[in-house]
Amino acid sequence: MDFYTAGKDYIICTLCPKACKIKTDGTGDCGIRMNKNNKLFLPYNGIPSALNIDPIEKKPLYHFQPGANIFSIGFYGCNFHCPFCQNHGISQKPFPSGTDSYLPPEELITLVKNRNLSLLAFTYSEPLVHFEYLLEAAELAQLADIKTVLVTNGYINKVPAGELLPYIDALNIDLKTFNDDFYRTEIGGSLGPVLDFIELSTAYSHVEVTTLIIPGKNDSISEIEEISSFIAAIDRSIPLHLSAYYPTYRYTIPSTPESTITGSLSAARKYLDYVYPGNTVSMDSNTYCPNCSSLLVKRTGYRTSIQGIENGKCLKCGMKIGIVV
Ligand code: SF4
């Protein structure tokens with residue numbers, strides 16, 4: 001299915017809630033989807049900005065194949081414009097021009113297999129604006145027994161989301177704030193569609209959520225509680241990563257103090273079973289049993305060892321632990 005409609009001298013992209021009206025030779029807000037002769041044209045289709053092998057914990061995913069390495073591909077562009085983007089060099093314009101490095105989805109799958117890996121992540125910038133490539137590559141991955149991971153801002157309409165999600169095994173979704181005004185004024189999006197996408201994704205795939213805690217912007221305890229209770233209403237065992245911000249791109253606000261992360265973790269843990277600090281070196285990011293507090297997964301940096309789980313249950317108390325190994 002094509003996610004656009006054509007008018008007399010424009011197209012309307014229907015992939016994400018922005019519904020950009022794109023005039024001839026123009027691009028939508030993401031800079032990726034273009035109108036050529038009143039048809040959708042994708043000049044950056046399949047052009048990687050980065051290819052790496054990462055620990056899966058770096059996505060971050062803590063409850064999906066802990067300790068595994070994952071082949072990771074990034075592209076260009078994003079339908080958000082966060083002034084604190086840690087990947088603004090590839091997510092925001094200008095993008096490199098005249099590149100001829102198209103990587104066919106079949107070759108991407110071969111690259112993953114040649115490295116003896118069985119995990120593939122679409123990550124770094126916003127993968128969803130490359131919907132067509134993602135769908136093709138994820139379908140091929142499924143046929144090749146490769147599990148797929150999507151690291152995303154979750155800003156996509158429900159129909160394309162429903163087409164893609166059956167081919168995605170796990171997601172980390174950014175929930176940047178619970179404040180619609182912050183989404184609209186500083187990020188260039190809105191809250192409702194992201195919440196809808198989180199809920200929809202849990203019907204198909206393993207989901208973890210990340211919130212970057214920015215001092216003075218989204219670090220109030222009441223906002224952390226709103227985020228946590230929204231997630232808990234879906235499933236209190238969904239992992240939430242509360243990551244420390246550091247100044248980058250257009251933001252010069254000082255880094256998030258450790259005490260703010262500590263307070264946020266405590267607030268979120270009233271609602272959720274698994275809440276983790278991110279972008280902090282010294283804080284405890286182990287997994288403990290929500291029932292008996294036994295150590296289940298030990299993490300030191302990106303080194304991970306499963307210590308207290310057998311057959312999907314806590315070794316000590318027998319509680320079912322939803323970690324996909
Ligand atoms: S995907 Fe890009 S072009 Fe399409 S509506 Fe969203 S921002 Fe606009």
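Each ligand, and each atom within it, is numbered from 1 in the order the structure gives.
- The nearest protein atom to atom 3 (S) of ligand 1, hydrogens excluded, is given as Gly28 CA, 3.5 Å; this is a heavy-atom distance.
- Ring orientation note: the planes of Phe75 and Phe122 are close to parallel, at an angle under 30° on the 30°/60° scale.
- Ligand 1 places these atoms under 4.0 Å from at least one heavy atom of Asn79: 7 (S).
- Partner of Arg299 under the side-chain hydrogen bond (donor to acceptor under 3.5 Å, both in side chains) criterion, out of Asn286, Asp284, Thr287: Thr287 alone.
- A donor-acceptor pair under 3.5 Å is absent between the side-chain atoms of Thr280 and the main chain of Ser282, judged by distance alone.
- Ring centroids of Phe197 and Tyr155 are separated by 6.0 Å or more, keeping the two rings apart.
- Neither the backbone nor the side chain of Pro17 comes within contact range of ligand 1; no heavy atom lies under 4.0 Å.
- Distance check for Cys20 against atom 2 (Fe) of ligand 1: none of its N/O/S atoms falls below 2.8 Å.
- Closest to atom 7 (S) of ligand 1 by heavy atom, among Cys78, Cys30, Cys13, Gly26, is Cys30.
- Protein heavy atom at the shortest distance from atom 1 (S) of ligand 1 is Arg33 CD, 3.5 Å.
- Contact between Ser243 and Asn279 at its shortest, heavy atoms only, is CB-ND2, 4.0 Å.
- For the residue pair Val324 and His206, the shortest heavy atom distance occurs at CG2-ND1, 4.3 Å.
- Looking only at heavy atoms of the protein, atom 6 (Fe) of ligand 1 is closest to Cys16 SG, 2.3 Å.
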